[in-house]
Each structure stands twice: as C-alpha cells, then as structure tokens.
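The structure under discussion appears below in the form of structure tokens.
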Amino acid sequence: MAAVREGLPDGRYGRSADARADRTLKIVGAVLGAGLLALIAWFGYDYIAGQDVSGRLTGFKVVADDAVEVRLEISKEKDATGVCTVRTLDKYHDEVGRKDFTFGQRQEDMVKVVTVRTTARATSAELIDCTPVR
C-alpha cells in the first residue's frame with residue numbers, strides 16, 4: 001500500500017495560505033479600527049466645538065400657583081443669538097408649563113431670571129435645551 005501525503009511539510013515552502021489570510025485580516029482590522037476612532041473623535045469635536053450657546057439652570061422659585069421664576073446662566077458667543085427652552089413640572093411630574101426664551105444681548109456670559117407661566121402649581125423646573133438661532 002502506498003502512503004498518501006496530505007500536505008506539504010510545515011515551514012519548508014514559506015507561509016501557508018492561512019497565515020497570509022490572517023495577516024491580511026489583521027491589517028484590514030487595524031485600518032478599520034483607526035478609521036472608526038477618527039470618526040468618533042471628529043463627531044466628538046464637532047459636538048463640543050459646534051455649541052455656540054449653552055445654558056444651565058441654577059435655581060427656580062415658585063412665586064404663585066401659575067408662575068415660576070427660573071434663574072439661567074447662559075454662555076454664548078458675543079454676536080450669537082440663542083434660544084433656551086424651560087419646562088416646569090407638577091408634583092406628579094406632569095408638564096404644566098413650557099417657554100422658549102431668546103437671548104440676543106451682546107454679551108458672552110449672562111445670568112437671567114425669567115418667568116414661566118404654568119397651568120397648575122409647579123414643584124420643579126428644568127432646562128430642556130439651548131440652541132443657537134441660525
């Protein structure tokens with residue numbers, strides 16, 4: 001009976017096809033990983049640098065059953081105009097008031113106290129968002 005050889009001896013004739021495929025996959029994976037990291041970094045930079053207007057709610061005071069005074073700290077570029085949305089909630093966390101405030105003053109940082117009218121007595125207030133007017 002004759003002996004049947006199934007393959008070439010290991011290491012005798014260079015790399016096998018599997019080793020070449022593994023190396024190709026490693027290179028493709030490294031390139032795709034670097035591209036993904038670059039894309040995430042670009043989106044992060046664009047998100048942070050692209051915010052011309054930002055705001056922070058620093059306090060609120062319920063002044064009546066139908067009104068809440070809200071204290072906002074606004075940061076923006078000097079020539080930018082921003083719109084901030086504030087909403088008020090009742091004790092059941094239902095929205096009882098919402099208002100947009102426009103800030104166009106030629107200042108970069110400012111503190112403003114604004115009044116939000118409500119349909120019922122509010123127990124809390126929150127700043128939803130501040131966006132630049134384009």
Side-chain angles (χ1 to χ4, degrees):
M1 202 166 171
V4 177
R5 194 175 246 174
E6 293 186 21
L8 299 174
D10 288 337
R12 186 167 180 182
Y13 297 105
R15 291 185 172 187
S16 69
D18 290 340
R20 275 186 241 118
D22 288 346
R23 183 170 186 262
T24 303
L25 285 175
K26 286 179 185 178
I27 292 171
V28 168
V31 169
L32 290 175
L36 181 63
L37 282 176
L39 187 65
I40 290 171
W42 182 75
F43 280 132
Y45 174 77
D46 185 54
Y47 176 75
I48 292 170
Q51 289 188 341
D52 299 325
V53 178
S54 65
R56 199 172 81 164
L57 188 138
T58 58
F60 68 91
K61 180 180 177 183
V62 178
V63 294
D65 285 342
D66 64 345
V68 176
E69 285 184 353
V70 178
R71 185 173 192 256
L72 298 172
E73 289 181 5
I74 310 299
S75 297
K76 65 181 188 64
E77 292 180 5
K78 193 171 187 173
D79 295 328
T81 299
V83 175
C84 293
T85 303
V86 176
R87 77 175 181 167
T88 56
L89 306 172
D90 66 4
K91 65 182 178 180
Y92 302 109
H93 301 285
D94 292 329
E95 185 175 297
V96 292
R98 177 182 288 247
K99 189 166 183 183
D100 293 332
F101 298 98
T102 303
F103 301 100
Q105 291 86 351
R106 296 183 59 85
Q107 302 173 244
E108 289 184 6
D109 297 324
M110 65 184 90
V111 176
K112 294 290 182 181
V113 177
V114 294
T115 302
V116 179
R117 295 285 177 196
T118 62
T119 58
R121 185 164 184 84
T123 58
S124 65
E126 64 181 3
L127 177 65
I128 301 296
D129 194 17
C130 287
T131 56
V133 176
R134 302 216 188 264

Partners passing side chain to side chain contact (heavy atoms under 4.5 Å, CB included) against [X] (at least two apart in sequence or in another chain):
{"X": "Gln105", "result": "Phe103, Gln107, Met110, Lys112"}
{"X": "Thr115", "result": "Ala67, Glu69"}
{"X": "Lys99", "result": "Phe101, Val116"}
{"X": "Phe43", "result": "Leu39"}

| Who passes salt bridge (Lys or Arg N to Asp or Glu O under 4.0 Å) against Arg71, sequence neighbours left out? |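 Applying salt bridge (Lys or Arg N to Asp or Glu O under 4.0 Å) to Arg71 gives none.
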| Asp79: salt bridge (Lys or Arg N to Asp or Glu O under 4.0 Å) partners, not counting sequence neighbours |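 Salt bridge (Lys or Arg N to Asp or Glu O under 4.0 Å) list for Asp79, sorted by chain: Arg106.
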| said: Show every side chain to side chain donor-acceptor pair (under 3.5 Å) that has at least one partner inside residues 119-132, sequence neighbours left out. | reply: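 Listed by first then second residue: Asp65-Arg121, Arg87-Glu126.
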Output the rest of the hydrophobic cluster of [X]: all Ile, Leu, Val, Met, Phe, Trp and Tyr residues reachable through side-chain heavy-atom contacts under 4.5 Å, sorted by chain and number.
{"X": "Leu89", "result": "none"}
{"X": "Ile40", "result": "Leu36"}
{"X": "Leu37", "result": "none"}

| said: Filter on disulfide (SG to SG under 2.5 Å), then keep only pairs touching residues 105-134, sequence neighbours left out; what's left? | reply: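 Counting only pairs at least two positions apart or across chains, the disulfide (SG to SG under 2.5 Å) contacts touching residues 105-134 are Cys84-Cys130.
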| message | Under the side-chain contact (heavy atoms from CB on, under 4.5 Å) test against Thr88, which residue among Asp94, Val96, Val62 passes? | response | Val96
| Results of side chain to side chain donor-acceptor pair (under 3.5 Å) for Asp100 - residues two or more places apart only |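 Thr85.
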| field | CZ/Arg98: more than 12 non-hydrogen atoms of other groups inside 6.0 Å | value |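 Yes, because the 6.0 Å sphere around CZ of Arg98 holds more than 12 heavy atoms from other groups.
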